[in-house]
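In the text below, chain A, chain B and the rest are named by the order of the sequence lines, each starting its count at 1.
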Amino acid sequence: MAMMDRAGVARSLEQIASYLELKGENPFRVRAFNAAAKSVQGFSGELDAGLADGTLAQLKGIGPAILQIITELVNTGRSALLEELHADVPSGLVDMLAIPGLGVAKIRQIQETLGIETLPELEDAARDGRLAALPRFGQRTAEKILKGIAFLRQASGWRLSHHAAQEAEAFREAFAKLPHILAAHTAGEVRRRCEVVRDLVTVLVADVPPEEVFRQLGTMPGVGEIAGEDERRATLRFAGGSSVQVIVTPPQNLGAVLVQATGSEQHLAALAKVAASKGFNLAGVALWQGSRFVPTPTEESLYAAIGLPWIPPELRESGDEVGQPVPTLLERGDLRGFLHCHTSASDGTNTIPQIVEACQAAGYQYVGITDHSRAAAYAGGLSVERIQEQWTHIDAINATLKNFRILKGIESDILVDGALDYPDDVLAGFDFIIGSIHSRFNLSREEMTERVCRAMDSKYLTILGHPTGRLLLSREPYPIDLDQVLDKAAATGVAIEINADPHRLDLDWRMLAAARKRGITISIGADAHNLAGLANVEFGVGIARKGGLGPSAILNCRDVDGFLEFGRRRRVSS
DNA sequence: GCCGTTTTCGGCCCGACTGTTTTCAGTCG
C-alpha cells in the first residue's frame with residue numbers, strides 16, 4: 001500500500017521547490033519541482049500503480065531524479081532531500097512565501113539584514129518600523145505584510161474542502177473496519193459540504209460502550225493521544241498532526257447524534273425550538289418527551305418526530321431552512337455539459353481528444369473547451385491564429401463523434417477597461433465565452449464593479465467566471481459590489497459561474513439565493529487543467545446544493561441545443 | 001531538474017504593475 005497519496009506527493013514536491021528557492025538554487029530547478037508537482041496532481045490514477053507500470057515516468061516534467069523522489073515518497077512517506085532541506089532552511093521563511101508581496105528576494109533580504117526567521121518576528125519588525133526602513137521597502141510594503149500575516153493567521157487551522165473530505169473519508173474507512181463498529185459516518189462541516197473546514201467529525205455506531213471503542217482506537221497505528229471530552233466524545237490526535245473528533249452512539253440513537261454532530265449550531269438551535277413547541281426536548285444528544293427517551297435510529301425519524309421533513313445536510317446552516325419546504329437539489333448526474341476546461345494549448349496538460357474521452361466516460365453529452373485568451377501570456381493564452389487552428393481541430397473531431405459535441409469556448413480575460421480580449425469578429429466565432437479577471441486586482445470597488453458590468457454589456461459574453469477572484473485561505477476576493485453585478489447579470493442575461501475548483505468555489509454559496517431571486521442562470525465550471533480536474537465538478541455541485549439550487553437553475557443541465565440557445569439569444573437581441 | 005523531428009548541452013514564459021525609487025528590481029498571474 002502507498003504510504004503517501006497524490007496530494008501528499010504533490011505537496012512534498014512543492015515544499016522542495018520552496019526550500020530550494022529560498023536557498024537561492026537555480027530557478028529552473030525550482031520550476032522543475034513545481035512543474036512535477038502539477039503533473040503529479042493531474043495524474044489520473046493510483047501513484048503506486050503508475051510507478052509499477054511506468055506511466056508515471058512518462059509524464060511531462062518527470063525525469064529520473066524526480067521519479068526517484070516520488071518513488072521514495074510513495075513507498076516510505078518520506079524524502080531524504082526534503083528532510084535535509086527542512087533541517088537546513090527555517091520553516092518560517094517558507095510561511096513567508098505565502099504573504100502577498102513577499103518573494104524569495106525580499107525574504108532573504110529580511111533574513112540577512114534583520115535576522116528574522118519567523119512570522120511573529122516579521123510582524124514585530126513590520127510594526128516597529130524596522131521593515132519599512134530597509135532599502136526598497138517602505139510604509140506601504142510594511143502595511144501590506146501586516147495584512148498578509150493577519151490573513152494567514154485567520155486562515156490557519158482551516159483546510160480546503162477537498163483535503164478535508166479526503167482525510168475524513170480515510171478516517172471513516174479505517175474506523176469502519178474495527179470490531180464492534182456497525183457503521184461509521186462523516187459528519188460536521190465536511191458533511192455539510194462547507195467550502196473550508198476546521199474540524200473533522202466522525203460518528204461511530206457501536207454495539208459496545210463508548211469506553212470500549214476508545215480503548216480500541218487507542219491501539220490504532222499512528223494515534224498519538226486520545227482526549228476524552230465526555231463519556232461519548234473524544235478527540236484523536238495523530239503523530240502526523242491531524243486530528244479527528246469521534247462520537248460513539250448505540251444504533252437506536254444514531255439519528256439524534258448524527259444531526260448533532262453535523263450541525264450547524266444555528267440549525268440545531270432552530271430544531272430545538274421546533275422540538276420544544278411540540279413538547280419535545282432536543283437540548284442534548286437525544287430526543288426526549290418529558291422523561292421518556294424517544295429512539296431515533298435515523299435522521300429521518302428525528303425530523304419526523306418533531307413534524308419536519310428531513311433536511312439535507314448542505315442546507316443546515318442559518319436555521320432559516322427549518323420549517324421551509326425542502327427544494328429539489330442538484331445532483332452530479334443532472335449535469336449534461338462539462339464546462340470550463342483548459343487544454344495543453346494554454347496552461348492545461350491534456351489534449352482535446354483525451355478530455356473528450358474522459359468526459360464521455362463520465363457521462364457528459366458535451367464539453368466546453370475554454371483555454372486562456374491572449375492577454376494571459378503567462379498561461380499560454382491563445383493568439384487569433386492559434387484559435388483558428390483549435391477551431392479547425394475541433395471541427396475535425398466533432399465530425400467523428402456521435403452523441404457528443406465539443407463546443408468552442410474561451411476563458412477571455414476581462415481587460416482593465418472591461419473589454420473582452422479579442423475583436424468582435426473573433427468573439428463571434430465562439431460557441432460561448434466565459435469572461436474572467438486575471439490581472440489588475442487593485443482597482444477600487446467602484447472601478448472593479450464598473451469593469452465587470454461593462455464586460456457584461458458585450459453581447460458575446462455568456463458566463464461571468466469566478467466573480468470575486470478569491471483563492472480560499474490564500475487570497476482575499478478583489479473589491480467588488482456583487483449586488484450591482486447580480487443586477488447587471490439579471491438585466492443582461494449573462495450567467496454567473498460557480499467555479500468548482502476547490503481553491504475558489506466562487507461565487508460563494510451565500511450569494512446564490514440572491515442570484516436566483518433575480519432569475520439569474522448559474523453555470524458550474526470545473527476550471528479543470530487536467531483529467532483529475534473532472535472531479536472538481538462534485539465540489540461545484542456541493543456549493544449549488546448549499547445555495548438551494550436544483551437542475552432548473554443550472555445552465556449546463558440543459559442539453560447542448562438549450563445551452564447554445566442561451567448564448568445565442570443574447571447575441572441576436574442586443 | 002527536464003527536455004530534444006534540434007542540439008545529450010544549452011536553453012527553459014513573459015509583460016505589466018508596484019512601490020520604491022529618481023531608473024528599476026521584485027512580484028504576480
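Note on A:Pro135: nothing from the nucleic acid sits closer than 4.0 angstrom, heavy atoms only. Within 4.0 Å (heavy atoms only), A:Thr141 reaches sugar-phosphate atoms of the nucleic acid but no base atom. Looking at heavy-atom distances under 4.0 Å, A:Lys60 makes contact with sugar-phosphate atoms alone, never a base. Backbone-only engagement by A:Arg475 is indicated by non-hydrogen atom pairs under 4.0 Å involving sugar-phosphate atoms exclusively. Heavy atoms of A:Gln139 sit under 4.0 angstrom from primed sugar atoms or phosphate atoms, though from no base atom.
Considering only side-chain atoms of A:Asn26, the nucleotide from B:dG1, B:dC2, B:dT20 that sits closest is B:dG1. Of the listed nucleotides (B:dT27, B:dG29, B:dC2), B:dT27 has the atom at the smallest distance from the side chain of A:Lys106. Distances from the side chain of A:Arg136 to the nucleotides B:dG1, B:dG29, B:dG19 place B:dG19 closest.
Taking for each of A:Lys144 and A:Ile107 the nucleotide of DNA chain B with the nearest heavy atom, the 5'-most of the two is the partner of A:Lys144. Nearer to the 5' terminus of DNA chain B, by closest-nucleotide assignment, is the contact made by A:Pro64 (compared with the other of A:Pro64 and A:Gly103).
With no hydrogens or angles considered, a side-chain donor-acceptor pair links A:Ser373 and A:Asp421 at under 3.5 Å. Side-chain polar atoms of A:Glu411 and A:His342 form a donor-acceptor pair below 3.5 angstrom.
Between A:Arg31 and B:dC2 there is no side-chain N or O to OP1 or OP2 distance below 4.0 Å.
Side-chain contact between A:Val94 and A:Gln15: absent, with no pair of heavy atoms (C-beta onward) separated by less than 4.5 Å.
Cation-pi contact between A:Arg545 and A:Phe539: absent, since separation from the ring centre below 6.0 Å together with deviation from the ring axis within 45° is not met.
Remark: B:dA25 base-pairs with B:dT18. Criterion, Watson-Crick or G-U wobble with two distances under 3.5 Å.
In this structure, the NZ atom of A:Lys38 is 12 Å from the C1' atom of B:dC13, given to the nearest Å.
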